[in-house]
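Here is the structure we will look at.
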Amino acid sequence: MTGVGQGVTDPYLWLEEVESDRALAWAEERNVVSKERFASTERFGELEARVLAMLDTDTRIAYPSRRGPWLYNYWRDREHPKGLWRRTTFAEYAKAEPDWEILIDLDALAAAEGENWVWGGAAVKRPEQRRALISLSRGGADAKVIREFDIEAKTFIDPADGGFHLPEAKSDYAWIDHDTIYVGTDFGPGSLTDSGYPRVVKRWRRGTPLAEAEFVYEGLSTDVAVSAGYDRTPGYERHYLSRATDFFNEEVYLLESDDTLRLIEAPTDADVSWNKEWLLVRPKTPWEVNGSTYPAGALLAADFEEFLSGARDFEVLFTPDPHTALHGYSWTENHLLLATLHDVQTELHVLTPGPDGWTRAPLADAPAMSTTSVMNLDRLEGGDEFMLSTSSFTSPATLMSSSVGGAVEVLKQEPAFFDADGMETEQFFARSDDGTEIPYFVIRHRDLRGTPGPTVMSGYGGFEVSRRPAYSGAVGMGWLERGGTYVMTNIRGGGEYGPEWHTSVLKANRHKAYEDFAAIARDLVARGITTHDQLGAVGGSNGGLLMGVMLTRYPELFGAIVCQVPLLDMKRYHLLLAGASWMAEYGDPDKPEEWEYIAKYSPYQNTSAEQTYPPILLATSTRDDRVHPGHARKMAARLASEGHEVWYYENIEGGHGGAADNKQSAFQAALVYEFFLQQLMDGERPRRA
């Protein structure tokens, strides 16, 4: 261990100064070097152009969000790199070339205002749909500016004329009525949590200064966030408030007319939701109540009013098993639709409440080795209609429409963006160090069977995020078409097998997620799919932390690594930006007993000049205000000082979620695969002794 965080001063602390001239100059110097090596080849230029053409084409599916009779869509293409916010009717959308009503041209807005606006979303006031709260960020940051928009006039409403406007912050907001919203934002000193999110909720009335908004509730500085909302279901109108005490625990209250709170007495780590008279509870840990014990990952239904009165009589709508987990559930007007994962493959069901209890039936077929998602339900104005989107690693998306009990009809079909002829998908299981079987998917051309070849494996493993089969044109163009094998891993920490797949690797057990990924790397070699010299790995955010651990703890398993927008300095992660909100996942490094286990894997604290590491590309974003760019910067500087082969690229705009426009997205995708092509495919690359 290097000693950084062990009483030794960090010599690269200055690289945490996000926009200092010195730090930005350091980043730009390394950008120049990386661009010269990886972005100057003819192959890079061809791939970048193909990815950009894919992102810009109007043959992609314009996925809508349904609000009653309207389908809204945010769209970017070559002529509109920042994007258009638009809407149409379902009848029009079903046509080959719909006629869209353009509501906001973000490119024109950015040019007129001299701002690098990036779209952040729209909260449309229901049911009239005449006003919206528009979220815009500068360069793609999590912090947003909120502005009220008149949909009919297609103009922003000036605050001087009574329009709602929030300055740049990580705000939370929700419509109550035409003249009132709930708001949590940076009200001044003490109004944010240690994680940088709102801890104060207020009720803000049109025409009054934000400073005069009516106080509703205040959480603790150690909470993650506090927010409020309004369920406008006719006959079941409810105001509610949630207080996230950490990343995985939340107290949910009904907010009475006098602002008193009525706690919904479900476990704080459970998913709690409701629709009309029904309360749904999905516990994340076994829940013992009223003489019964319900397993983690079950879905329970109860009469809401009876539950509030003290009854604890549940109907079990779903029970997990060792191979099957609940992935998602949502309401139509009269039915509850469930999506489950059986060994990471989708199954769909429809549940219907009735006077004699709930009935269950299949909803629609979901192809094997693919992902089918239910979308565009509107329980308030959409009846029992829904849409389905299906894709696989080698088949582009198909968008279908249906209603419960009706036929499924194809609405849109996305074209293929790479040649998948002869490519196939297989699922394997690797045995981790503790004996747990860990699934993963292998995508390659059938002619590659029996011959070890260049392979890239991706991973995440955190925050109960499930990774499922999905089509990626960039992976196909940049890797599969060129003879590479691609692997998607489903290591613990995700939600592929329910909540316990995640909770089993929290805090002191985090090492098990890393052991899972390493086990798959070994299994790939044992099966003859690849060799360690030909094996690359890629991950971002929490997956970037995974890559850092692979580099420092398992360097012998890999020939190259790409580490994107990563956490790496786990001694200081909780002090940087939103890091404090993740202590429920990783632990608190200020507590000696928790730092003891974090210190064993924290990549920044575990580099060594004596160790042999595979080449690594570290990539981050200056505007990332979720995971601090200092993680990647400091790691790159430290590895370079120790004599390792490290490449670095920092995107100035784009935030944590990616690039600010399609051009930058195409550049970054091409950069990743050009790096892997050079490291894993271009000739023999002997490992250093």
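Counting begins at 1 with the first residue of the sequence.
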Problem set entry | Audit row: W501, I438, side-chain contact (heavy atoms from CB on, under 4.5 Å) steps and yes/no | CA-CA 10 Å; W501 197 246; I438 311 300; 3.7 Å; yes

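- In this structure, the side chains of L551 and P603 stay at 4.5 Å or more apart for every pair of heavy atoms.
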Exercise. Are D269 and K284 close enough, and set up right, to give a salt bridge (charged side-chain N to carboxylate O under 4.0 Å, His left out), and what steps lead you there?
Worked result: CA-CA 6 Å; D269 66 348; K284 300 289 186 69; over 6 Å; no

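- A donor atom on one side chain and an acceptor atom on the other are found under 3.5 Å apart for E650 and T622.
- Heavy-atom minimum distance, A474 versus A669: CB-CB, 4.2 Å.
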Side-chain donor-acceptor distances from residues 116-123 under 3.5 Å, at least two apart:
residue	atom	partner	partner atom	Å
N116	OD1	K82	NZ	2.2
N116	ND2	E653	OE1	3.4
W117	NE1	E113	OE1	2.8

Problem set entry | Worked check of salt bridge (charged side-chain N to carboxylate O under 4.0 Å, His left out) between D569 and R638 | CA-CA 11 Å; D569 182 355; R638 186 160 199 85; over 6 Å; no

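- Looking at S458 and Y486, their side chains do bring a donor and an acceptor atom within 3.5 Å of each other.
- Ring-plane geometry between Y253 and Y217 is classed as tilted, the angle between the planes lying from 30 to 60 degrees on a 0 to 90 degree scale.
- For R243, the salt bridge (charged side-chain N to carboxylate O under 4.0 Å, His left out) criterion is met by D223, E251, not counting sequence neighbours.
- Residues V224 and Y197 come closest through the heavy atom pair O-CB, 3.3 Å.
- The only option from R633, M635, K634 that meets the side chain to side chain contact (heavy atoms under 4.5 Å, CB included) definition with Y12 turns out to be K634.
- Taking a cutoff of 4.0 Å between a charged side-chain nitrogen and a carboxylate oxygen, E585 and R510 qualify as a salt bridge.
- For the side chain to side chain contact (heavy atoms under 4.5 Å, CB included) criterion with V672, the lone passing option out of L677, V562, V456 is V562.
- Annotation: F667 is in aromatic contact with F44 [ring centroid separation under 6.0 Å].
- Sparse packing is recorded around CD of E36, with 12 or fewer heavy atoms of other residues, nucleotides or ligands lying under 6.0 Å away.
- Minimum interatomic distance between H502 and G493 (heavy atoms only, all atoms of both residues): CD2-O, 3.1 Å.
- Using cut-offs of 30° and 60° for the angle between ring planes, the H631 and H628 rings count as perpendicular.
- Formation of a donor-acceptor pair under 3.5 Å by the W26 side chain with backbone atoms of D21 is not found in this model.
- Between R147 and E115, none of the side-chain N atoms (NZ, or NE/NH1/NH2) sits under 4.0 Å from a carboxylate O, so this pair counts as no salt bridge.
- Residues F675 and Y649 place their aromatic rings such that the two centres sit no closer than 6.0 Å.
- No hydrogens or angles considered: a donor-acceptor pair under 3.5 Å links the side chains of Y586 and N542.
- Scanning all heavy atoms of the two residues, the minimum distance from A513 to V505 falls at N-CG1, 3.9 Å.
- Residue-environment remark: NZ (K35) exceeds the threshold of 12 foreign heavy atoms within 6.0 Å.
- Panel note: side chain D625, backbone A143; a donor-acceptor pair is recorded below 3.5 Å.
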Exercise. Are S432 and D516 close enough, and set up right, to give a side-chain hydrogen bond (donor to acceptor under 3.5 Å, both in side chains), and what steps lead you there?
Worked result: CA-CA 5 Å; S432 195; D516 292 354; 2.6 Å; yes

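- No side-chain donor from either of S608 and Q611 sits under 3.5 Å from a side-chain acceptor of the other.
- Smallest separation of non-hydrogen atoms from N662 and L55: ND2-O, 3.3 Å.
- Aromatic ring orientation, W582 versus Y573: parallel (interplanar angle below 30°, classes split at 30° and 60°).
- Annotation for D194 and A580: closest pair O-CB, 4.0 Å, computed over non-hydrogen atoms.
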